[in-house]
Student: 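Below: one structure in structure tokens.
Hydrogens, waters and symmetry mates play no part in the numbers below; they use all other heavy atoms, side chains included. Computed from a predicted model, the values in this text were never measured in an experiment.
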Amino acid sequence: MKNGGTNVWMSSSNALIQLKERGALVKISRTINSMFLLFSVALLLFVSWAVFANSSCANGKCEVYKENVLVKLSIEDGYTEQSIIRIKGFEYLSLTNKDNLNNCSKVFLAKSFDLVQAVQSGKDQICNFKYENDKVLSSWRDAGAWNESVYSINQNGQFDFLYNDSCIGCGEIKRTYANNETAILGDAAKFDKRNALNGVITVQKATLYNVPDFDKPSRSYLIKGDVITLIDRTRDGNFYRVEYHSRKKTSRWWISEKDFDLKDLEKKPNAGTGTRPEN
């Protein structure tokens, strides 16, 4: 009986020790997990900052540029609010005109304590500056409609113009590329979600035109059910320039807006369906 009691006591003691050891291991495991989570969050914040960061010119950060001729001229023109922007290892000085409703900025690339124009082509300023999906975006309102220019950042840190989207929110968007080629796209909110619009011929015989003029028809035509891709339009919306892909070749023509309907139009609350906006 005595030995049996001793064995029970020893078993209980061992079990208690094991429970304490398990508890300690659980605490250690939880501590490691917490530390790993904090490290991951810190790393994510650091990477995000390294890719894109925007800070004010407080504490004399912009003092080194104050005597630069480009800065002085910009300030004289009303671009007085200064900030430092860092993108992908490049540093930029942004001078913004807050009196302008579009918050347009002159952006300069900092190179060895000197400044050069960041925008290589297109407009010389960036409005409502935004960095999204590895692209620099400039958006502004003109004549009641929003426009958006998209730039890539080249290996030297300067902004290369890619294209401009006009009349955002009108139901259809006209995109003009750097080479002046155009396309008519669906009116998606994000620049990289705007897809080409197709149309389908709705009349028995749709006359094609070399120029957008009803008095100058060609002998060519399309028939009901033919599918076209929209690439341009006249300001009044009466004509669309379209691409037609036949078995032999791709041809481009002007066509009356009354001779086709849109196919697979990207829908949104304020966009039309099957109708053309009047510009």
Side-chain angles (χ1 to χ4, degrees), residues 102 121-123 127 137-151 160-279:
N102 288 313
S121 52
K123 294 183 177 293
C127 301
L137 307 182
S138 174
S139 58
W140 71 97
R141 192 173 180 85
D142 182 42
W146 279 98
N147 302 272
E148 188 171 61
S149 289
V150 179
Y151 300 82
D160 289 332
F161 175 73
L162 298 178
Y163 51 81
N164 179 74
D165 288 349
S166 60
C167 209
I168 299 169
C170 299
E172 297 171 4
I173 290 173
K174 179 177 177 177
R175 175 169 291 178
T176 304
Y177 294 91
N179 62 1
N180 289 322
E181 287 287 313
T182 58
I184 302 297
L185 310 177
D187 199 359
K190 299 289 186 180
F191 73 94
D192 54 356
K193 302 297 182 183
R194 297 166 189 158
N195 300 318
L197 289 182
N198 296 320
V200 58
I201 302 300
T202 56
V203 297
Q204 294 300 323
K205 184 177 179 180
T207 301
L208 301 177
Y209 301 81
N210 289 309
V211 293
D213 187 339
F214 286 115
D215 294 329
K216 298 179 180 179
S218 74
R219 294 182 179 180
S220 301
Y221 61 89
L222 295 176
I223 60 174
K224 189 173 183 177
D226 283 342
V227 176
I228 52 179
T229 299
L230 281 58
I231 59 175
D232 202 355
R233 68 184 176 209
T234 56
R235 292 185 65 84
D236 58 15
N238 289 332
F239 282 92
Y240 276 73
R241 187 162 173 76
V242 301
E243 275 187 349
Y244 176 68
H245 305 277
S246 66
R247 292 181 180 179
K248 295 182 179 180
K249 64 177 183 178
T250 296
S251 55
R252 293 184 173 188
W253 303 90
W254 289 95
I255 188 172
S256 170
E257 61 92 16
K258 296 180 180 179
D259 290 346
F260 72 94
D261 277 338
L262 290 181
K263 181 180 180 182
D264 298 329
L265 175 65
E266 293 184 64
K267 297 179 180 179
K268 58 180 295 184
N270 296 322
T273 54
T275 59
R276 254 60 77 204
E278 296 182 0
N279 293 338

Student: Taking only residues two or more places apart in sequence or in another chain, which ones pass side chain to side chain donor-acceptor pair (under 3.5 Å) with Asn102?
Tutor: none
Student: Applying ring pair (Phe, Tyr, Trp, His ring centres under 6.0 Å), which residue pairs with at least one partner in residues 178-208 are found, sequence neighbours left out?
Tutor: none
Student: For the residue pair Cys127 and Ser138, what are the closest heavy atoms and their distance?
Tutor: N-OG, 2.8 Å
Student: Compare every heavy atom of Asp236 with every heavy atom of Phe239, then report the nearest pair and how far apart it is.
Tutor: N-OD1, 4.4 Å
Student: Return the set of residues passing salt bridge (Lys or Arg N to Asp or Glu O under 4.0 Å) with Asp165 (not counting sequence neighbours), or none when no residue passes.
Tutor: Arg175, Arg194
Student: Indicate the atoms forming the closest heavy-atom contact of Trp254 with Asn210, along with that distance.
Tutor: CD1-O, 3.4 Å
Student: What is the distance from atom CG of Leu185 to atom OG of Ser166, rounded to the nearest 0.5 Å?
Tutor: 9.5 Å
Student: Please enumerate all residues that pass side chain to side chain donor-acceptor pair (under 3.5 Å) together with Ser149, with sequence neighbours excluded.
Tutor: Asn164
Student: Considering non-hydrogen atoms only, spot the tightest contact between Cys167 and Ala145 and give its length.
Tutor: CA-CB, 4.0 Å
Student: Please enumerate all residues that pass side chain to side chain donor-acceptor pair (under 3.5 Å) together with Thr250, with sequence neighbours excluded.
Tutor: His245
Student: Pairs of donor and acceptor atoms involving the side chains of residues 211-219, under 3.5 Å and at least two apart or interchain, shall be tabulated with distances.
Tutor:
residue, atom, partner, partner atom, Å
Asp213, OD1, Asp215, N, 2.9
Ser218, OG, Leu208, O, 2.6
Ser218, OG, Ser220, N, 3.2

Student: How long is the span from the CD1 atom in Ile255 to the OH atom in Tyr221, to the nearest 0.5 Å?
Tutor: 13.5 Å
Student: When rounded to the nearest 0.5 angstrom, what distance separates CG in Leu222 from CD1 in Ile201?
Tutor: 5.0 Å
Student: Can Asn147 and Ile168 be said to form a side-chain contact (heavy atoms from CB on, under 4.5 Å), step by step?
Tutor: CA-CA 6 Å; Asn147 302 272; Ile168 299 169; 5.7 Å; no
Student: What donor-acceptor contacts under 3.5 angstrom involve side-chain atoms of residues 225-232, with partners at least two apart or in another chain?
Tutor:
residue, atom, partner, partner atom, Å
Asp226, OD2, Ile223, N, 3.0
Thr229, OG1, Asn198, OD1, 3.1
Asp232, OD1, Lys174, NZ, 2.9

Student: Any side-chain to backbone donor/acceptor pair from Asp261 onto Val200? Under 3.5 Å, distance only.
Tutor: no
Student: Under the side chain to side chain contact (heavy atoms under 4.5 Å, CB included) rule, collect the residues that match up with Ala178, sequence neighbours excluded.
Tutor: Phe161
Student: Give, for atom CG of Asp160 and atom OH of Tyr151, the distance between the pair rounded to the nearest 0.5 Å.
Tutor: 10.5 Å
Student: Considering non-hydrogen atoms only, spot the tightest contact between Lys258 and Thr202 and give its length.
Tutor: O-OG1, 4.2 Å
Student: If I take atom CG from residue Asp187 and atom CD1 from residue Ile184, how far apart are they, to the nearest 0.5 angstrom?
Tutor: 11.5 Å
Student: Quick one: salt bridge (charged side-chain N to carboxylate O under 4.0 Å, His left out) pairs with a partner in residues 237-249, sequence neighbours left out?
Tutor: Glu243-Arg252
Student: Measuring from Ser256:OG to Tyr240:OH, what's the distance to the nearest 0.5 Å?
Tutor: 11.0 Å
Student: So, using side chain to side chain donor-acceptor pair (under 3.5 Å) as the criterion, who are the partners of Trp253 when residues are at least two apart?
Tutor: Ser251
